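No hydrogens, no waters, no symmetry mates; every other heavy atom, side chains included, goes into these values. From a predicted model like this one, the values you see are computed outputs, not experimental measurements.
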Amino acid sequence: MATRIIEDTRIRTLNDAPPDPEGGYVLYWMQQSQRAGHNPALEHAVRLANEHDVRLLVVFGLMDDYPEANARHYRFLLEGLADVAGTLDERRIAFDVRRGHPADVAIEAADGAVVVVCDRGYLRHQKQWRERLAKEAGRRVVQVEGDVVVPVEVASDKREYAARTIRPKIERAMGDYFVDLRTTAIGKESRGLKGRDSKFEVIDATNVDAALASLTLDTTVPPVHHLFRGGTSEARRRLSRFVEERLKRYDEHRNQPHTDDLSYMGMYLHFGQISPVEVALTVEDSRYGATRDRDSFVEEVVVRRELAMNYVHFEADYGAYSALPEWSRKTLDAHRDDEREHVYTRSELENAETHDPYWNAAMREMRYTGYMHNYMRMYWGKKIIEWTNTPEYAHRVALQLNNSYFLDGRDPNSYANVGWLFGLHDRPWNERDIFGTVRYMSSGGLERKTDPDAYVAKVDRLVEEAREAGVEVAEA
């Protein structure tokens, strides 16, 4: 397996400011890549600190009102930061979690730095925060990509139409990025920098319960740590178990929601708690499963995921209904007045109060576990289109529920996957009521292709386990 420090194409200088020779440390503002292992931004920052013969300070800005986040998301995030704190301490690197707006925290910490390193995020607010940092830091700011396999601009210079158009571009470049990342030892001990000279409250990242209690959060959606715990260590444990026990059935069962032959990597990738390169390499280099299993998994974690990154990067209004393809909006508009056998409000949907036991099970899985099998996510979303009064309202409701309950919600995949329900990255199909030529899914198709009754039974068990663990989701 090849190893190198970091590919040059992952590194981008965001401003024209020079390094500050009077600075006492290199700052790594951690935001998207929330991990201390296989993190290109962190390793680049270590190398720069060693080159300048200074210490390294890693800072994370923890805000109370992160866009659309609630207690479920924050618990998972804080568990991950506790993992980061422990690993960085072992590496003799200072790590501060400072309570405040991430950009404000980064700008304050930049004062006194030789150079600033940040990781990369593709969502609108993440880009804005980095632009502000580059403008106000007063010294060089270097961005290092660490959350895709093939950097977005390397894969394509435009918004791609579908997986079939981006796949060959990613596959041509993928081999250059399937490389392990070597850990670089820090030259100077820096743990004495922790909490120094900051106006922001420093949060003890190792005490998850206290940190969570100190924040002002939306608590209507409770944590689900009885089932899913955050952090790189947990991500690697789950990945290892998946490869050794379940990869051999992945291709056969990936569309069978009553099974459990899944990796559950989506939530860890969303928070940057594990590297997609590490995930892909672990599967590719394993001796488990057949070639079709490994290829099928890599298709999901690289091609499909990076199609979503391409979408939010090149489409400024990625969360808007107006960003959907013209053909799909036109056909849905032509059928907006079609009669609907069932029409539900958002609260009825959110409370799983429909006539369809399969759909209700999917909604209950989302509410009580923070997860839903990918095949059921498609069925779930298609039915929202069918059971609401306008396609615009359906789009809004699907995205709101997705982002509220899923641990991997509020992600580029969220916007692309919800968009797919309405025709994004898809093609026209046979015309029918309500959907027009947008792809349709039926309960009959679900029964032919899967075992939905077994899925309902599985969800019943999961909900019972959640309630026994004290998870109770209030009605909308």
Centroid separation under 6.0 Å, is that true for the rings of [Y] and [X]?
{"X": "Y66", "Y": "H73", "answer": "no"}
{"X": "Y250", "Y": "F242", "answer": "yes"}
{"X": "H395", "Y": "F422", "answer": "yes"}

At what distance, to the nearest 0.5 angstrom, does [atom1] of [X] lie from [atom2] of [Y]?
{"X": "H38", "Y": "R236", "atom1": "NE2", "atom2": "CZ", "answer": "8.0 Å"}
{"X": "I274", "Y": "T282", "atom1": "CD1", "atom2": "OG1", "answer": "6.5 Å"}
{"X": "H425", "Y": "N417", "atom1": "NE2", "atom2": "CG", "answer": "9.5 Å"}
{"X": "D89", "Y": "T206", "atom1": "CG", "atom2": "OG1", "answer": "9.5 Å"}
{"X": "E350", "Y": "R346", "atom1": "CD", "atom2": "CZ", "answer": "4.5 Å"}
{"X": "L217", "Y": "L212", "atom1": "CG", "atom2": "CG", "answer": "6.0 Å"}

Using distance only, find each side-chain donor-acceptor pair of residues 137-147 under 3.5 Å and give its atom names and separation, not counting sequence neighbours.
from, atom 1, to, atom 2, distance (Å)
R139, NE, A110, O, 3.0
R139, NE, A113, O, 2.8
R139, NH1, A137, O, 2.8
R139, NH2, D20, OD2, 2.8
R140, NE, A17, O, 3.4
E145, OE1, Y122, OH, 2.4
E145, OE2, D147, N, 2.4
E145, OE2, V148, N, 2.9
D147, OD1, S33, OG, 2.6
D147, OD1, R35, NH1, 3.4
D147, OD2, Q32, NE2, 3.1

- [ ] Start with the C-alpha distance between D64 and Y74, add both sets of side-chain angles, then the distance that settles side chain to side chain donor-acceptor pair (under 3.5 Å), and finish with yes or no.
- [x] CA-CA 9 Å; D64 293 59; Y74 271 91; over 6 Å; no
TODO: Given side chain to side chain contact (heavy atoms under 4.5 Å, CB included), test L78 with L62 step by step and report yes or no.
DONE: CA-CA 9 Å; L78 287 166; L62 183 66; 3.9 Å; yes
If every non-hydrogen atom of [X] is compared with every non-hydrogen atom of [Y], which pair is closest and at what distance?
{"X": "N50", "Y": "A185", "value": "ND2-O, 3.0 Å"}
{"X": "R72", "Y": "M366", "value": "NH1-O, 3.1 Å"}
{"X": "M372", "Y": "A362", "value": "CE-O, 3.1 Å"}
{"X": "A45", "Y": "V26", "value": "O-CG1, 3.9 Å"}
{"X": "L424", "Y": "Y415", "value": "CD2-O, 4.4 Å"}
{"X": "R159", "Y": "A323", "value": "NH2-O, 3.1 Å"}

Hey, is [X] close enough to [Y] for a salt bridge, meaning N to O under 4.0 Å?
{"X": "R305", "Y": "E300", "answer": "no"}
{"X": "R249", "Y": "D260", "answer": "no"}
{"X": "E234", "Y": "R237", "answer": "yes"}
{"X": "R47", "Y": "E43", "answer": "no"}
{"X": "E131", "Y": "K135", "answer": "no"}
{"X": "K248", "Y": "D293", "answer": "no"}

Neighbour count >12 (heavy atoms, 6.0 Å) for atom [atom1], [X]:
{"X": "R124", "atom1": "CZ", "value": "yes"}
{"X": "K169", "atom1": "NZ", "value": "yes"}
{"X": "R12", "atom1": "CZ", "value": "no"}

TODO: Can you spot which of F406, F271, Y264 makes a ring-ring contact (aromatic ring centres under 6.0 Å, His included) with F228?
DONE: Y264
Quick one: does [X]'s side chain have a donor or acceptor within less than 3.5 Å of a partner on [Y]'s backbone?
{"X": "N351", "Y": "A476", "value": "yes"}
{"X": "D261", "Y": "H253", "value": "no"}
{"X": "E306", "Y": "V150", "value": "yes"}

Taking atom types as modelled, is there a side-chain donor on [X] or [Y] under 3.5 Å from an acceptor on the other?
{"X": "N70", "Y": "Y405", "result": "no"}
{"X": "S240", "Y": "E244", "result": "yes"}
{"X": "Y368", "Y": "R467", "result": "yes"}
{"X": "N403", "Y": "E68", "result": "yes"}
{"X": "D83", "Y": "T232", "result": "no"}

Open item on the list: Applying side chain to side chain contact (heavy atoms under 4.5 Å, CB included) to L324 and E315, what does each step give before you reach the verdict?
Closed with: CA-CA 10 Å; L324 298 173; E315 176 50 67; over 6 Å; no
TODO: Check step by step if side chain to side chain contact (heavy atoms under 4.5 Å, CB included) holds for T165 and S156.
DONE: CA-CA 10 Å; T165 65; S156 178; over 6 Å; no
Open item on the list: Using the side-chain contact (heavy atoms from CB on, under 4.5 Å) definition, which of the options Q126, H44, Q31, R10 pairs with D119?
Closed with: Q31
Open item on the list: Here's one to test your reading of the geometry: is the NZ or CZ of R130 within 45 degrees of the ring axis of W29 and under 6.0 Å from its centre?
Closed with: yes
- [ ] Mind running side chain to side chain contact (heavy atoms under 4.5 Å, CB included) on Y268 and Q34 for me, showing each step along the way?
- [x] CA-CA 9 Å; Y268 297 97; Q34 298 169 26; over 6 Å; no
